[in-house]
Every structure is written in structure tokens, then in C-alpha cells.
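Below is one structure; the comments refer to it alone.
Read the numbers this way: they start at 1 and go in the same order the structure lists the ligands and their atoms.
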Amino acid sequence: QFQMIKHEDLQLKESLGQGSFTRIFKGSMTDIRDGEKHVTDVLLKLLDESHNKCWESFFNAASLMSQISHKHLLLVYGISVHRYQNIVVQELVKCGALDLYLRKRGRSVPVSWKLDVAKQLACVLNFLEEKNIVHGNICAKNVLLAREGDSSGTSPFIKLSDPGIGLTVLGREVLLDRIPWVAPELVEAPESLELGCDKWSFGTTLWEIYNGGKAPLQGQDPQQKLQFYKNLEQLPPPEWPELADLIGRCMDYEPALRPSCRGIIRQLNSLIASDYVLLCDPQASTA
Ligand SMILES: N#Cc1ccc(Nc2nc(N)cc(-n3cnc(CCO)c3)n2)cc1
């Protein structure tokens, strides 16, 4: 179900950082179609050669995204396996990862923009929930901005990236470091990944988006993060009570009490229509 891409058809360009046991680069892919040479800008995700034992989970994550299609799911062109180099080739999304974008834009991002992005993420989660597909790594870093939208009113457009290597393969240190995105029930049983885990991570991602891409529990070490869950703690709530309520319900320590995606979308719709947005984004009132 994957297109195999020849190594020689890929060119690596600048590095964009790294994920868990992976490095990501901008790049280009050349292919000859009906006698013409096409060069496409791509995002190359390289699996660290020291972790080639994770190649199955690495490719499964990418194939999850290539078996279903949705306007808010990232396009995977294929994979390339050459000697010890395992590469996933995905579409290069114009504006990059949401967390970096928000940190760069700081306070200048309107609340209405943030809620629009959150609603698009809730919609693609709803699509996955209806197909009973668990993503397993919802976070602002995995939400990519295809269109940034602007003050004149064009809205932003996001694409959800693949989940990457699964928690059960990554090991406990990486799992603990992913607190508070990883659902508490997974800490002692990473294989019990369920739809409810994506709701918890959505709550954390909503907190990130509202707080301008700030990483929750930043700087805390894995043991302190584990204690956060053992004490059944919550993230510092936003001063907007209705938003704090939605984040708190998604991040309920009891998975069964977390809202459905439809419930999340309904609550986001009422936040979008609320006076708070008009007060915070005076320019929104003209839209
Ligand atoms: N300047 C600049 C610039 C940077 C990146 C892109 N595009 C793009 N497309 C993707 N498919 C994935 C990512 N990506 C970036 N960081 C991560 C974090 C790990 O997920 C993923 N970036 C576009 C412009």
C-alpha cells in the first residue's frame, strides 16, 4: 500500500530537527511521469540507524496515514529503504509545525484563529474516531500549518502528521517525557492505547495552542512528570472558564468520562460564538 521511492530520486536539504529516534529534513523528490521530469518539495523523516529495530512501527505509523485520506491528514508519498537508511517521504506543508509557528507569532495570534485550528483538529479526530482509528501522538508539534490565514480573514488550514514510532516500542523514558500529552492510563500499560487517549492529548494540545505554543510542564524531568500524574494534577487552567472546562473534561483521569469528538466540536462551536472572543479579538467582531 506504499509507493517505494528510489533513494537516488531523493535529495536531502536543510535539517528541521528531530523526533523520537528520527531526524527530519526538507528535501526534494524527482520522478519521471509521462516522459517529463517532476521535482516535488518533500519532508523526509529518517529513522536513526541505531533504531532500525523500530522500522516496523516507523512504517506502520506512516502507512496509517496512507490508507485513509482526509483533507486534514498529511499526505505520505511513500517510503525509501536503502542499505540501513529507512525514510518516510511526506508532503512538505507550507508553514511548518504549529508549536514553532505559535511561539514565533507570540501574542499576535487572535483567539478566533486558535479556536479555528482547534476545531479543525477536533474534526480530523472525529473522522479517525468514526473509523475507530487511534492516532496516539496528538500534540501541537504534529499539527502542521498548510495555510496561515491572515488578518484579512482567510482562515488557517492544518494537516495532522503521522503518530511516528509507537509508545510500546519507544521505551519508558520517552513515554514519561511525553507527559502531559500521553494519557495517564498508558503510563503503566502503554499497549492499552484507546480512542480515549487521543481525547486526553487533544486537551493538552488545546492548552498548548491557547498558551501560544508554550510546552506544558516544560523543564520538568520524567520523575517530576510522573509525580504530576500520581498526584492527579491538572495543567494551570486558562482564565477563560468555558475553555478551562473543555480542557479539564478532555483531561479527565477517568477515560470513560472524556467527551466524544462530537461533544468537543459542539463545545468549541459555542466558544467560537462566545462574547469572550469578541472581547479578546476586537477585529473579530467585524468578521
Ligand atoms: N521554515 C520553514 C518550514 C519548516 C517546515 C515546513 N514544512 C513541514 N512539513 C512537514 N510535513 C513537517 C514539518 N515539520 C517541521 N517540524 C516538524 C516537527 C516534527 O513533527 C515537522 N514541516 C515548512 C517550512
Review point. Where on N142 is there a heavy atom closer than 4.0 Å to ligand 1, on the side chain, on the backbone, on both, or on neither?
Key: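 Just the side chain.
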Review point. At a non-hydrogen distance cut-off of under 4.0 Å, which region of K141 contacts ligand 1 (side chain, backbone, both, or neither)?
Key: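 Near ligand 1, K141 shows its backbone as well as its side chain.
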Just to confirm my output: which protein heavy-atom neighbour is closest to [atom], and how far is it?
{"atom": "atom 22 (N) of ligand 1", "result": "G96 CA, 3.8 Å"}
{"atom": "atom 11 (N) of ligand 1", "result": "E91 O, 2.8 Å"}
{"atom": "atom 16 (N) of ligand 1", "result": "I24 CD1, 3.5 Å"}

**Study point:** Ring centres under 6.0 angstrom apart (F157, H72)
**Key:**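 Centroid distance F157-H72: below 6.0 Å, so yes.
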**Study point:** Contact with ligand 1 for K26, non-hydrogen, under 4.0 angstrom
**Key:**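 True for this residue.
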Check your understanding: Is atom CZ of R262 surrounded by more than 12 heavy atoms (other residues, nucleotides or ligands) closer than 6.0 Å?
Key ->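 12 or below, so no.
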**Study point:** Under-4.0 Å salt bridge between K141 and E208
**Key:**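 No, K141 and E208 are not salt-bridged.
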**Study point:** Nearest option to atom 9 (N) of ligand 1, as decided by whichever heavy atom of D41, T22, V143, V93 sits closest
**Key:**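 Considering heavy atoms of D41, T22, V143, V93, the nearest to atom 9 (N) of ligand 1 sits in V93.
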Review point. Would you say K94 and ligand 1 have an N/O pair spaced under 3.5 Å apart?
Key: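 There is no such contact.
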Review point. Under a 4.5 Å side-chain heavy-atom rule over Ile, Leu, Val, Met, Phe, Trp and Tyr, are L144 and L128 clustered together?
Key: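 No: no chain of side-chain contacts under 4.5 Å links L144 to L128.
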Practice item. Dump the intermediate steps for ring pair (Phe, Tyr, Trp, His ring centres under 6.0 Å) on W181 and Y229, then the final yes or no. Key: CA-CA 11 Å; W181 288 271; Y229 277 179; over 10 Å; no
